[in-house]
Amino acid sequence: MTSIKNLLDNLNNEQKKAVLNTDGPNLIVAGAGSGKTKVLTTKLAYIINEKKAWSNQILCVTFTNKAAKEMQNRVLNYLKGESSAVPWLGTFHSISVKFLRKHAEAIGFKSNFTILDTDDQKKLVRRICEAENIDAKKISPQFILALIDSWKNKGQLPDEVKLKKKNSLEDKILKVYKIYQEKTKDLNAFDFGDLILYTVHLFEKNKDIREIYRNHFKYILVDEYQDTNFIQNKWLNLIVNEKRNICCVGDDDQSIYSWRGAEIKNFLTFDKIYPNCKVFKLEQNYRSTKNILATASKLISNNNSRVGKKLWSSSNEGELVKLNCYRNGKEEAQGISDIIEGNIKNKYSLNNVSILVRAIYQTREFEERFLKIGIGYRVLGGIKFYERAEIKDAVAYLRIINQKFDDLALERVINKPRKGVGETTLKNIYEFASKNNLCLEDSIRKLVENNKFKPKIKTAFNNLISLIDKWRNDLKLVKHFDLLKLVLDESGYSSLLKDKKDLENENRLENIKELLRAMHDYDNLQNFLEHVALATSIDQEWEGEKVNLMTMHAAKGLEFDVVFLPGWEEGLFPHQKSLQEKGDFALEEERRLAYVGITRAKKEAFLSFALRRIYQGDWMDAVPSRFVNELPDKNIEKNEMKFEKEKDDFDFNQDTEIEFGEEFRSPGWNRLKKNKLLRWKK
Ligand code: ATP
Ligand code: MG
């Protein structure tokens, strides 16, 4: 067991001061890799060690469940044998779930509520649009949900949204929002935004409940504070008590979630909410080599709106940061995989090698290449395990067993396996449900009782309903993973997969086995369902020797020995869409993203761009990112990568091949020099 003295001895003076200053509000503002998260973890241990609070009287908000888990393991290790109480550690969402499970009744919900995923949300919005005669082709469910989410991030329930214009598009969507909230209440369900919004609502409407927690939490610690949005900040302020023991850490240069409503203002005006707060600045970077740090610092210095910090490092210069120019996207993937094979693989564990992209679709080219040459990889943020069809089917069965109001789950399992229930039958049941104010399950029960179905369908529903009753009873007798086995067998779902033997079905069976295995990690059905709902892409397995592929957004807070940053081209990075929508503000956020990307690297960083890339099915010329021009010459090495044409390695047809030949006569760097926007500063 590590002693607190050891923990403190491992810190520099400023870090130590920040740890020891436990009482009153404090803010730690510092650049990437300066030990902010380390300070937070040490502070947690220190508070427990000094007996300033019992461990469960500390609330610690992390950015991902993965970070929460890591912190929990460290604290558990630290607490070994001393206490069984664990701090409240988690994301805003997972901690909100904890509050809501306990107090759902106070705001008109039941504690076995469901958490909706994006598919559920879209389904619900589509259904509302149909009923309200809104053409889903004109206003997409995604657009509607994005606006609803932005209202939720601002803390506004439908009645609190104030629109300037009547009969506008927003007005239409506001109506959808209103119905959407009523429906989710009927379903006894929360979407992600609701988890936080309703927690705030719970505390605002129930002073007694709020007081319990204000008194209970003696210390509140928050990581990645620069990316909190309005409602999250309100959530925090509601549970801070008059002692104001709140410690927030963050870096304004790493604020990259404004598209989710993050407000850097929260961070910059912390001292207005908490006057006399102590501010600590950490300036030593422990993560990266000097070359990596200098590259990142130079790049971010091009932003105007920043606090401005200096970071230094006592580590060695390290390798120069490589800036590689490839002829096209495919060669970029090939080139990066060659570097990994030829050089990186022998020096580092593949787990410590990451390719960080701007847009998740960029991973495809790498996946193809890695499959071809046999490099193991994992995509964090691709199709999540829990988003696969068979997994969603199995989970839907569990969800309806958990609570009968979950219409969306019941609808999903009704025809799996097929029972001949068509659209019209389903529509009729929904109409009956809405007229009688019943959930889908109760409506089916009623309609079966009153003999309203054709005999075949009646039998099918009868069977399904009695099975659901049986499974609910089974849940009291057997473990949740054994229950799923019963459900899959008795519903006929297993034979559906087993009877048709093809590779896809075999994969599905494998996935179901994996699901059963994963269920063992959770005490009960509800905890498991909660995990499924809250698991984010970054929380997947990290075991095994594999290269990581993920977005730069997802990599926040993480660190790797080697980082590849491909696709530094105008339009891709900085991303065209965000520039069009938000102009200079977006450009600065894209630059912060670049800063986050580079500063994930400890030892080596490889930036690259391609001169041609397939965009929406066609080959397009690409212009190197303006960020390329903002890098410090002395810390980077520029290489123009040339490949021998591999026989079957190009998709070009004859035409594009000619173009390609011409292009190659004017080498990439020349083109770069010619470009007015991107003149090299030599
Ligand atoms: P980010 O801004 O990316 O979230 P951070 O400021 O939270 O970074 P940490 O992740 O806490 O930084 O620390 C970066 C790395 O430096 C970690 O590997 C950490 O263990 C190490 N580190 C931090 N402080 C020290 C120290 N005083 N001595 C040695 N290593 C340290
Ligand atoms: Mg951190």
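Just so you know, residue 1 is the first one in the sequence shown, and it goes up from there. Atoms within each ligand, like the ligands themselves, are counted from 1 in listed order.
Remark: side-chain polar atoms of E588 are paired, donor with acceptor, to backbone N or O of S305 under 3.5 angstrom. Of the possible donor and acceptor atoms, none in the side chain of K638 sits under 3.5 Å from a partner among the backbone N and O of D633. Checked by atom type and distance alone, the side chain of N266 pairs as donor or acceptor with a backbone atom of T228 at under 3.5 Å. With hydrogens and angles ignored, the 3.5 Å screen pairs no side-chain donor or acceptor of R600 with any backbone N or O of D561.
Between atom 1 (P) of ligand 1 and the options E559, K556, R287, K16, the minimum heavy-atom separation is to R287.
Of the protein's heavy atoms, K38 NZ, 3.9 Å lies nearest to atom 20 (O) of ligand 1. The protein heavy atom nearest to atom 21 (C) of ligand 1 is Y286 CB, 3.8 Å. Among protein heavy atoms, atom 9 (P) of ligand 1 sits closest to G35 CA, 3.7 Å. The protein heavy-atom contact nearest to atom 2 (O) of ligand 1 is K36 NZ, 2.6 Å. Looking from atom 24 (N) of ligand 1 to the surrounding protein, the closest heavy atom is Q15 NE2, 3.1 Å.
Within 6.0 Å of CG on D9 lie more than 12 heavy atoms contributed by other residues, nucleotides or ligands. By the neighbour-count criterion of 12 heavy atoms within 6.0 Å, atom NZ of K281 is sparsely surrounded, having that number or fewer from other residues, nucleotides or ligands.
Residue contacts with ligand 1, taken as heavy atom pairs separated by less than 4.0 Å, do not involve Q284 at all. Both the backbone and the side chain of T37 come within 4.0 Å of ligand 1, judged by heavy-atom distances. Neither the backbone nor the side chain of L558 comes within contact range of ligand 1; no heavy atom lies under 4.0 Å.
The ligand atoms of ligand 1 that sit less than 4.0 angstrom from a heavy atom of R600 are 3 (O). Shown in contact with N12 at under 4.0 Å from a heavy atom are these atoms of ligand 1, numbered in order with element: 27 (N). Taking a cut-off of under 4.0 Å to the non-hydrogen atoms of E224, the atoms of ligand 1 that pass are 4 (O). Close approach to G31 involves these atoms of ligand 1, each under 4.0 Å from a residue heavy atom: 6 (O).
Taking NZ of K43 as the reference point, atom CD1 of I47 lies at 6.5 Å (rounded to 0.5 Å).
Between D23 and K243 there is no salt bridge, since no side-chain nitrogen of the basic residue lies less than 4.0 Å from a carboxylate oxygen of the acidic one. Ion pairing between D253 and R306 holds under the 4.0 Å rule for side-chain N and carboxylate O.
Under a cutoff of 6.0 Å and an axis angle of 45°, K603 and Y348 do not form a cation-pi pair.
Residue G557 has no nitrogen or oxygen atom sitting less than 3.5 Å from a nitrogen or oxygen atom of ligand 1, judged on distance alone.
Not close to ligand 1: D251, with no non-hydrogen atom less than 4.0 angstrom away.
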